[in-house]
Number of protein chains: 2
Amino acid sequence: MPGAAPLRIDSDGQRTYTIGELADEFGLTLRTIRHYEDEGLLAPARDGMNRVYGHRDRARLVLICRGKRLGFSLADIKEFLTLYDGSDGQVRQMQHLQALTRRRVSALERQLADVQQTLAELHRIDARITDHLTQHLRRHGIDETSTREDKNL
Amino acid sequence: MPGAAPLRIDSDGQRTYTIGELADEFGLTLRTIRHYEDEGLLAPARDGMNRVYGHRDRARLVLICRGKRLGFSLADIKEFLTLYDGSDGQVRQMQHLQALTRRRVSALERQLADVQQTLAELHRIDARITDHLTQHLRRHGIDETSTREDKNL
DNA sequence: CACGTACCTTACGTTTACGTCAACGTAAGG
DNA sequence: CCTTACGTTGACGTAAACGTAAGGTACGTG
C-alpha cells in the first residue's frame, strides 16, 4: 500500500509544493517549469538545492498557463505578472502599470470579439454538417458505419 | 501625381489583389503571406510568375489572422480552414470535420472563459491602481510629475 | 536606356519555447 | 549496500514562424 503523500509544509505552516507536484497538477514538464524560472517568471525558494514552491508561485503558474492558452509569449506574460504583483511602488511606476493593464485589456477585448465570432461561425458550420448528414440519412439507409476505413487523419 | 490604383480585375470580372495589396491591408509582410502559401494555407492563382489573389484567398487570410490572434499554430489554422471549405465530401469525412469543429469549439469556449476571467482581473487591478493614485493625490499635492526617475521596469 | 517599383525564388539566419540527453546528488526502503 | 524515485545543473537539439539577404524578372517613366 503506497501510503498517502506527506503534504510538504514550510516553517510558517504554509503548504508548499515540489516541482514534480506542480508539473503533475498543471500538466507541465519539469523542464518547462524550470524554463519559466530561467525566464524570470518564477522564483521559488530553495531547500538546499531543491526548489520549494509556495502559494504565490502556484498562483503565478495559474496565470502563466492561462496566458499561454491565450497565445501570449513568455515575455508578455512576465510583464503581465508584474501587474498582479503591483499595488506598491512609486507613482510613476503605477501609472506605467496602469498603461500596461489598459493595453492588455484592449488586446483581450479584441480577442474576446474574435473568439465569439469564431464560435458563432463554427456553430453554423456544425449545424450545416449535421444538416448534410441527416439529409444523407433520409435519402440512403441508416447504415453508414464501418463502410470505409478511417482516413489518415 | 500618382493617379489612383487601377483595381485589378480578372477574366470573370472578379476583383483580385496583389500580394502587396493584401500585405498592406492585413499588416503582414510579403514573406509572411508567401510563407502561408508554403504551408498550404493559401493557393493563389498565377499570372505568369505573379500571385493573383481572389475573394476566397482574402477570406482565408481574414481567418488566418484571426486564428493567429487567438494563438493557434499555422497547422491548427490549416485544419481549421478545411472546416470552412467543407460542405462537400464523403460522409465519413463530414463526420470527421464535425468532430474537428466540436473540438475547436470546446477549446474556444475554454478560451472565452479565460479571456473573460483575465479581463475581470485586469479591471480589478486597474481600479486598484486608480485608487492608490487618487489617495496619493489627496495626501500629497497635485504635483507628482517628474519627481523621480522611472524605475527600471 | 537607365531607374524605380513591384514582384519572384532560393536559402540561410533568428527567436521562442521548450525537448532531450548526460552526469550527478540525496533520501527512503528492502 | 543497492536500487528506486525524485531532484539538480549544464548543454545541445529542434520545430514553428517568420526575417533577411542576394540576385533575377518585368513594367512603366523621366
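Just so we're clear, the structure is a prediction, and the values are computed from it rather than from any experiment. Letters go in sequence order (proteins before strands), and every chain restarts at 1. These numbers come from the heavy atoms of this one structure, side chains and all, not from hydrogens, waters or symmetry mates.
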Check ion pair [X]-[Y] (N to O, under 4.0 angstrom):
X: B:Arg103; Y: B:Asp76; value: no
X: B:Arg104; Y: A:Asp126; value: no
X: B:Glu21; Y: B:Arg15; value: yes

Spacing between [X] atom [atom1] and [N] atom [atom2], to the nearest angstrom:
X: B:Asp47; N: D:dA26; atom1: CG; atom2: P; answer: 12 Å
X: A:Arg34; N: D:dT9; atom1: CZ; atom2: C1'; answer: 8 Å
X: A:Met49; N: D:dT9; atom1: CE; atom2: C1'; answer: 8 Å

Could you walk me through whether A:Glu37 and A:Arg31 pass salt bridge (Lys or Arg N to Asp or Glu O under 4.0 Å), step by step?
CA-CA 10 Å; A:Glu37 184 173 346; A:Arg31 176 67 177 91; over 6 Å; no

Residue pair A:Thr18 / A:Arg51, side-chain donor-acceptor N/O under 3.5 Å
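No - no donor-acceptor pair under 3.5 Å links their side chains.
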
Protein-to-nucleotide contact annotation, 5' to 3' order, nucleotides 12-18 of chain D [B base; S sugar-phosphate only; - none; under 4.0 Å, heavy atom]:
-----BB

Checking B:Glu25 against B:Tyr17 for the side-chain hydrogen bond (donor to acceptor under 3.5 Å, both in side chains) test, could you report, in this order, the C-alpha distance in whole Å, the side-chain angles of both residues, the deciding distance, and whether it holds?
CA-CA 10 Å; B:Glu25 178 175 353; B:Tyr17 308 84; 5.7 Å; no

Please confirm whether the backbone N or O of B:Leu28 pairs with a side-chain atom of B:Thr32, one donor and one acceptor, at under 3.5 Å?
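Not a single qualifying donor-acceptor pair exists.
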
Report the base-pairing partner of C:dG29 (Watson-Crick or G-U wobble, both distances below 3.5 angstrom), or none.
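When the pairing criteria are applied, D:dC2 turns out to be the nucleotide that pairs with C:dG29.
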
Can you give me the first and the last nucleotide of DNA chain C (5' to 3') that has an atom within less than 4.0 angstrom of a non-hydrogen atom in chain A?
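Using the under 4.0 Å cut-off, the span is C:dA17 to C:dT20.
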
Has A:Arg56 got more than 12 heavy atoms of other residues, nucleotides or ligands less than 6.0 Å from its CZ?
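No.
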
State whether A:Arg51 places a side-chain N or O below 4.0 Å from either non-bridging phosphate oxygen (OP1 or OP2) of D:dT8.
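Affirmative; the distance criterion is met.
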
